[in-house]
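In what follows, chains are A, B, ... by sequence order, proteins preceding strands, each numbered from 1. The structure presented is a predicted model; accordingly, all values stated were derived computationally and were not measured.
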Protein chains: 2
Amino acid sequence: MDEFAFINQVKQSVYRQPSLVKGVGDDAAVFRQPSQDIVTAADTLVEGVHFSRAIMDPFHIGYRSLAANVSDIAAMGAAPAFYLVSIVIPDSCSDEELNGIYQGLSSAASVHHMDLIGGDTVSGSELSIAVTAIGFVQKEKARFRSLAQPGDILFVTGTLGGAAAGFHMLNSDKYYIDRTYYENKHRMPYIRSDFACQLESLNRVTLNDISDGIANEANEIADASHVTLTIEEERIPVRASFAQFTAEEQHDWKLYGGEDFELLGSVSEDEWDELKTIAERTETPLTKIGYVDSAVKKGHQVILIDHTNKPVQLLKKGYTHRNR
Amino acid sequence: MDEFAFINQVKQSVYRQPSLVKGVGDDAAVFRQPSQDIVTAADTLVEGVHFSRAIMDPFHIGYRSLAANVSDIAAMGAAPAFYLVSIVIPDSCSDEELNGIYQGLSSAASVHHMDLIGGDTVSGSELSIAVTAIGFVQKEKARFRSLAQPGDILFVTGTLGGAAAGFHMLNSDKYYIDRTYYENKHRMPYIRSDFACQLESLNRVTLNDISDGIANEANEIADASHVTLTIEEERIPVRASFAQFTAEEQHDWKLYGGEDFELLGSVSEDEWDELKTIAERTETPLTKIGYVDSAVKKGHQVILIDHTNKPVQLLKKGYTHRNR
């Protein structure tokens, strides 16, 4: 399939976003956004690093590529609107597989009311998918990770560790309870977009999407906000069937497991009730998992109150765990 | 070098664009543009397909990657503002090479007053650089390729065929006059950004950037505008030293040579003088090369009046050339 035939095939016949002036088909796309701030993020998925065609079908590869980018937009409290995608296609990738990837992208775009407005397909030796996502947020309401303040309640959406468990299952023939749920948690992550962009009524909320595990994201908030976060391990929400895994798996996956794409955030006690109302309205499971303190002299850090009620420092993935 | 060390290294300490609210460092970047339309394009360059480390140094690979995207923004009559870049880095690429690529990107960004606001670096087996560029244009003034009208003057900026000649020289040890000029035309293309975004005073102008040869771009305008374009071959501007090449090379490179990144466009006779004034003000060589007619019954097409004064149909690169 040549590049132009392909572009014509994936070009949307109807666009969803009223701000779009010109979609695919000229040198660039044009949109207009006089009333809101514009949020944009780019992310690339490479075969063998971020996904494997051995355990993921093309549809899921496409779906997940866009979902990962929508998650970054949601983590700013913004509503996704557009995406551009560049795919490097190796000879080993058939037209059918390529169509599957686009079907997956389109399906995720449909879920999030997004329009494809640009990109290209080029040949190469390695399959990679580079997505740029663009979203909109009310002025001054972008939710930075630097906004946490002492006294805030720390919360998380959904349950954690499921995507890592799903990835494990996709690589295993063993019998597991709830296999489809976990596999889909990895292959078709549900992004908390509706919840995130309905937070505009709140004065201040901190958000970070959990793409590299809660330990990592919590440390990013602590660093950016110059605060200490305390997380109570027993409060970290997991699915009931998560108990089927070994204690070590549970611990690793819920703290360091990547790509759950749930939201970790903080909000003042005053606005906690309103946050809960928004969560109910958008059918978003919301759990209080800890609180924010001022940074201790040792620096901005994350403390985990473990299952023995002992405080340990929670470091980013790959770092040594030291007891205090 | 890990991803975070690298991001901190390339992160700009000062941003140039006043519309930027938040640059690199959160889940996504944020900007605000209430008064202008927003233009965006994505383009990926893959080693072995779009460039070779054997003949291009890392600086030029980076420079050209951004320049190619700025060209798409200029072809909409817009001023570039931001870019996001995702680089897939193979093991064969040293930290020094990677820095060279970023130096090239930064240099092109500096020329065009752009800010790096996002992206990532991921490991893979093949070097590829995916850039998304974002620019701004006065409302309703994006210059679509569909705007050409019968009676328009057809024009081109700069000279054509130089980038193809430069690419040829980079692969040759032969003696050539003006070698540095031609090689730089390929390695560090000059984008007509200043000229393009000063056209806002014109009511109507069509623009297309010459990335795949004038034959290709002219056909795109003819198709999109439902018109016939006539180009006089003798008027197509080339550099004086272009005469050193064989007749066949000259013909091929000026008509089908890619990546000159000059602008092909059309404007009404009424606005031609104003266009010339803008070209003079921005020191942009501007040449009238033909005119626009209504589409003949055979369809939208491009006619080349060749050096023997005979009209031939000019087809896209790769298509058979048929005499009429």
**OP:** Examine whether an atom of B:V46 lies under 4.5 Å from a heavy atom of chain A, and if so say whether it belongs to the side chain, the backbone or both; otherwise answer neither.
**Re:** side chain
Subject >> Interface moiety of A:V30 toward chain B, non-hydrogen atoms closer than 4.5 Å >> reply: both
**OP:** Return the option, out of A:L207, A:V137, A:T132, with the maximum number of heavy-atom pairs under 4.5 Å with chain B.
**Re:** A:T132
**OP:** Looking only at non-hydrogen atoms, find the nearest pair between B:F31 and A:T40 and report the distance.
**Re:** CE2-CG2, 4.2 Å
Subject >> Minimum heavy-atom distance between A:P34 and B:K139, given as atom pair plus value >> reply: CB-NZ, 4.3 Å
Original post:
In terms of heavy-atom pairs under 4.5 Å with chain A, which of B:V49, B:I38, B:D37 leads?
Top reply: B:I38
**OP:** Might you point out which heavy atoms bring B:R145 and A:D27 nearest each other, and give the distance in Å?
**Re:** NH2-OD1, 2.9 Å
Show which side-chain atoms of residues 71-89 of chain B pair as donor or acceptor with protein atoms under 3.5 Å away, not counting sequence neighbours.
residue: B:S71; atom: OG; partner: B:D209; partner atom: OD2; Å: 2.6
residue: B:S86; atom: OG; partner: A:T44; partner atom: OG1; Å: 2.9
residue: B:S86; atom: OG; partner: B:D120; partner atom: OD1; Å: 2.6

**OP:** Using the test side chain to side chain contact (heavy atoms under 4.5 Å, CB included), find all partners of B:L45 that sit at least two apart in sequence or belong to another chain.
**Re:** B:H50, B:F51, B:R64, B:S65
**OP:** Determine the option with the most heavy-atom pairs under 4.5 angstrom with chain B, choosing from A:E47, A:R143, A:E140.
**Re:** A:E140
Original post:
Any idea which heavy atoms bring A:S125 and B:E126 closest together, and the distance?
Top reply: N-OE2, 2.6 Å
Original post:
Using non-hydrogen atoms only, which part of A:S35 is less than 4.5 Å away from chain B: side chain, backbone, both, or neither?
Top reply: neither
Subject >> Residue selection (most heavy-atom pairs with chain A, distance under 4.5 Å) from B:N208, B:I117, B:V21 >> reply: B:N208
Subject >> Under 4.5 Å from a heavy atom of chain A, the part of B:N69 involved >> reply: neither
Subject >> Part of B:A29 lying under 4.5 Å from any heavy atom of chain A >> reply: both
Original post:
Among A:D26, A:I134, A:D43, who wins on heavy-atom pairs under 4.5 Å with chain B?
Top reply: A:D26
Subject >> Shortest non-hydrogen contact between B:A28 and A:V39, atoms and distance >> reply: CB-CG1, 3.4 Å
Original post:
So which of A:A142, A:G135, A:A42, A:G118 has the biggest tally of heavy-atom pairs under 4.5 Å with chain B?
Top reply: A:A42
